Protein chains: 2
Amino acid sequence: MPSAIPHSTLPAYEQIKSYIKKQISEGHWLPGDAVPSESALQKKFGLSRMTVNRAVKELAVEGVVTRVRGSGTVVAQLHQISSTLQVRDIREEVLERGHTPGARVLLVEKVKADKALAQIFEVRSSSTLFHSVIVHLENGIPIQLEDRYVNPQSAPHYLEQDFMVMTPTRYLIDHAPVTQASYTISAAPATRAQAQELAMGEGDACLLMTRTTISGQSVASHARLLYPGTRYRFHGLFAL
Amino acid sequence: MPSAIPHSTLPAYEQIKSYIKKQISEGHWLPGDAVPSESALQKKFGLSRMTVNRAVKELAVEGVVTRVRGSGTVVAQLHQISSTLQVRDIREEVLERGHTPGARVLLVEKVKADKALAQIFEVRSSSTLFHSVIVHLENGIPIQLEDRYVNPQSAPHYLEQDFMVMTPTRYLIDHAPVTQASYTISAAPATRAQAQELAMGEGDACLLMTRTTISGQSVASHARLLYPGTRYRFHGLFAL
DNA sequence: CAGTGGTCTAGACCACCGA
DNA sequence: CGGTGGTCTAGACCACTGG
């Protein structure tokens with residue numbers, strides 16, 4: 001009697017997951033408490049071990065439980081409020097909100113890498129880099145000042161793009177497949193020039209995201225993304 | 001001939017994952033390109049379909065590929081630079097850095113919910129709430145101003161805690177199991193009072209995280225966490 | 001319709017942990 | 001040592017997609 005999918009019902013492994021999450025969220029199983037072993041759950045639900053294993057393994061990936069081979073499964077100690085922070089193309093983000101994206105290209109140029117840039121890109125000082133500065137708009141209002149350097153080796157035709165319609169992020173995604181990226185989020189006051197472009201006051205609080213992406217073996221791009229603190233925020237959601 | 005784990009080597013499914021990720025990161029397969037079907041990979045690697053399925057399924061969960069039932073698997077369009085942003089207990093974070101945590105308790109009180117708080121907590125106006133304001137220190141330097149409201153129903157003994165040694169976050173994790181949490185990250189200027197507690201200037205840029213956690217059926221806590229923009233940042237890392 | 005991925009089974013061998 | 005989770009197999013039925 002294979003395939004016990006009860007038709008129009010949740011998959012069996014989802015039911016096991018729900019059961020376990022319910023016990024935890026209702027406080028019956030506290031952090032550190034043991035979760036029934038796979039064989040126990042197998043008997044309880046009348047399912048094969050592979051199915052039970054999938055359910056509990058996914059909960060472990062989600063950080064709900066902790067598994068130790070040879071020892072057992074326990075309710076995770078730290079219900080870390082972790083969730084994937086989506087870092088996406090700003091233009092697509094605006095479109096998704098049903099608003100009108102826009103861009104003002106302030107600068108597109110070649111530059112020689114100074115010491116700091118050379119270190120970030122792991123190239124010799126005075127190597128050529130591409131540089132662009134763009135203000136992104138949402139319904140005509142500035143929401144991001146993008147100051148970006150690009151490695152010519154990763155995207156030789158970067159400077160020829162029309163950044164009014166194709167954002168640098170989008171172009172790089174398509175032409176320099178990302179293998180790694182690191183970012184930091186902090187806060188910074190707007191300089192006089194930045195404040196002017198973002199239509200805010202000098203010294204006003206901004207969100208600053210710096211992002212470095214690696215494509216293949218080389219550093220492809222380094223960007224400083226400045227958001228008006230009052231007009232932009234990152235969201236996250238965590239659900240058991 | 002079961003169990004073809006080649007001993008001291010990566011699991012078979014990891015090898016398939018590596019193979020696919022390598023093709024993508026080397027640019028052989030571009031976003032939108034088809035990934036070989038499970039049956040094709042099965043033949044290529046000489047593995048059972050379940051093993052192949054696990055490999056590709058995990059890549060789908062990680063956002064590397066997109067799968068459509070009946071259609072096939074393609075390289076994901078947007079290599080979203082998404083990574084789990086860990087939101088953790090500040091004290092544990094400081095300890096992990098090998099530094100000395102500290103705290104100054106500025107305020108611990110009962111309050112009547114005003115309209116805004118009543119809405120957040122989904123209780124009647126003028127219901128009782130707990131309120132605490134604490135400055136968290138790292139090596140004696142202020143790094144977070146925590147202004148938190150707590151639902152008495154979720155943590156009746158909240159006010160009796162010694163927040164010098166047990167952070168509110170930690171206490172709530174242990175006593176009000178989190179089932180959901182939502183947060184936003186934005187930037188804000190420090191008010192005069194905030195600036196004083198955080199040892200910075202009035203109006204200086206701060207990172208502001210607001211976080212609301214739900215435990216069971218009720219809103220357990222709402223916190224405004226203010227970080228000096230120059231002394232604190234969130235990190236993230238994404239790797240294919 | 002054939003091909004795809006989604007789910008499931010009933011076994012199996014293994015590495016590891018704690019008693 | 002027995003029990004745990006980690007991995008794997010060789011089948012299977014199903015829902016869905018596309019031509």
Side-chain angles (χ1 to χ4, degrees), chain A residues 1-21 23-24 29 32-77, chain B residues 1-21 23-24 29 32-77:
Chain A
M1 203 181 313
S3 208
I5 311 183
H7 170 267
S8 94
T9 302
L10 283 175
Y13 72 90
E14 285 290 359
Q15 296 186 33
I16 298 184
K17 288 176 70 175
S18 295
Y19 166 75
I20 295 174
K21 288 194 283 189
Q23 300 306 313
I24 296 172
W29 299 348
D33 284 0
V35 171
S37 72
E38 293 189 358
S39 64
L41 290 169
Q42 202 180 151
K43 282 166 198 156
K44 178 177 177 66
F45 288 91
L47 296 165
S48 78
R49 206 195 125 201
M50 272 301 281
T51 302
V52 173
N53 176 270
R54 173 172 179 180
V56 185
K57 171 157 52 66
E58 288 189 5
L59 289 178
V61 169
E62 294 166 22
V64 175
V65 302
T66 305
R67 315 198 82 185
V68 180
R69 193 204 318 234
S71 173
T73 303
V74 298
V75 177
Q77 273 299 337
Chain B
M1 203 181 311
S3 207
I5 311 181
H7 171 265
S8 94
T9 302
L10 283 175
Y13 73 90
E14 284 292 357
Q15 295 185 33
I16 298 185
K17 287 177 70 174
S18 295
Y19 166 75
I20 294 174
K21 289 194 283 190
Q23 301 306 313
I24 296 172
W29 299 348
D33 285 359
V35 171
S37 72
E38 293 189 359
S39 64
L41 290 169
Q42 200 179 151
K43 283 166 199 156
K44 178 176 177 65
F45 288 91
L47 295 166
S48 79
R49 206 194 128 203
M50 272 302 280
T51 303
V52 173
N53 176 269
R54 173 173 179 178
V56 184
K57 171 156 52 68
E58 287 188 4
L59 289 178
V61 168
E62 293 167 20
V64 175
V65 301
T66 305
R67 315 197 82 185
V68 179
R69 194 211 307 243
S71 174
T73 303
V74 298
V75 177
Q77 274 299 336

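Below, chains carry the letters A, B, ... as their sequence lines are ordered, and counting in each starts from 1. Hydrogens, waters and symmetry mates play no part in the numbers below; they use all other heavy atoms, side chains included. All figures in this text were calculated on a predicted structure; none of them were measured in a lab.
- Counting to the nearest Å, the C1' atom of D:dG6 and the CD atom of B:Glu58 are 12 Å from each other.
- Heavy atoms of B:Arg54 sit under 4.0 angstrom from primed sugar atoms or phosphate atoms, though from no base atom.
- Residues B:Trp29 and B:Pro36 come closest through the heavy atom pair CH2-CD, 3.5 Å.
- Distances shown here put every side-chain N or O of A:Tyr13 at or beyond 4.0 Å from the OP1 or OP2 atom of C:dC8.
- Residue A:Met50 has its side chain nearest to D:dC8 when only C:dC8, D:dC8, D:dT4 are considered.
- Which of D:dC8, D:dG5, C:dT9 sits closest to the side chain of B:Pro11 comes down to D:dC8.
- Contact annotation: the side chain of B:Arg54 never approaches that of B:Thr51 to less than 4.5 Å [non-hydrogen atoms, C-beta and beyond].
- Rounded to an integer number of Å, the gap from CD of B:Glu38 to P of D:dA15 is 18 Å.
- Rounding to the nearest 0.5 Å gives a distance of 9.5 Å between CD of A:Glu58 and CD of B:Glu58.
- Phosphate contact (OP1/OP2 of D:dG6, side-chain N/O of A:Arg67, threshold under 4.0 Å): present.
- Looking at B:Leu41, B:Asp33, B:Val65 one by one, the single match for side-chain contact (heavy atoms from CB on, under 4.5 Å) with B:Thr73 turns out to be B:Val65.
- Toward the 5′ end of DNA chain C lies the nearest nucleotide of A:Val52, the other residue of the pair A:Val52 and A:Gly70 mapping further downstream.
- Distance, A:Arg49 CZ to C:dG11 P: 14 Å, rounded to whole Å.
- Set against C:dT4, D:dT7, D:dT4, the side chain of A:Ser39 has D:dT4 as its closest nucleotide.
- Phosphate proximity of D:dC16 to B:Ser71: absent, as no side-chain N or O sits under 4.0 Å from OP1 or OP2.
- For the pair A:Lys43 NZ and C:dA10 C1', the computed distance is 15 Å after rounding to whole Å.
- When the C1' atom of C:dG6 is taken as reference, atom NZ of A:Lys17 falls 14 Å away, rounded to whole Å.
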Test log, rule salt bridge (Lys or Arg N to Asp or Glu O under 4.0 Å), inputs B:Lys57 and B:Glu38:
CA-CA 10 Å; B:Lys57 171 156 52 68; B:Glu38 293 189 359; over 6 Å; no
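- Across the protein-nucleic acid pair, A:Leu41 atom CG and D:dT4 atom C1' stand 12 Å apart, rounded to whole Å.
- Side-chain N/O atoms of A:Arg69 and base N/O atoms of D:dG3 include no donor-acceptor pair closer than 3.5 Å.
- Separating the NZ atom of B:Lys57 from the P atom of C:dT4 is a distance of 19 Å, rounded to the nearest angstrom.
- For D:dT4, one of the phosphate oxygens OP1 or OP2 lies less than 4.0 angstrom from a side-chain nitrogen or oxygen of A:Ser37.
- Nucleotide C:dC8 holds its C1' atom 13 Å from the CG atom of A:Asn53, rounded to whole Å.
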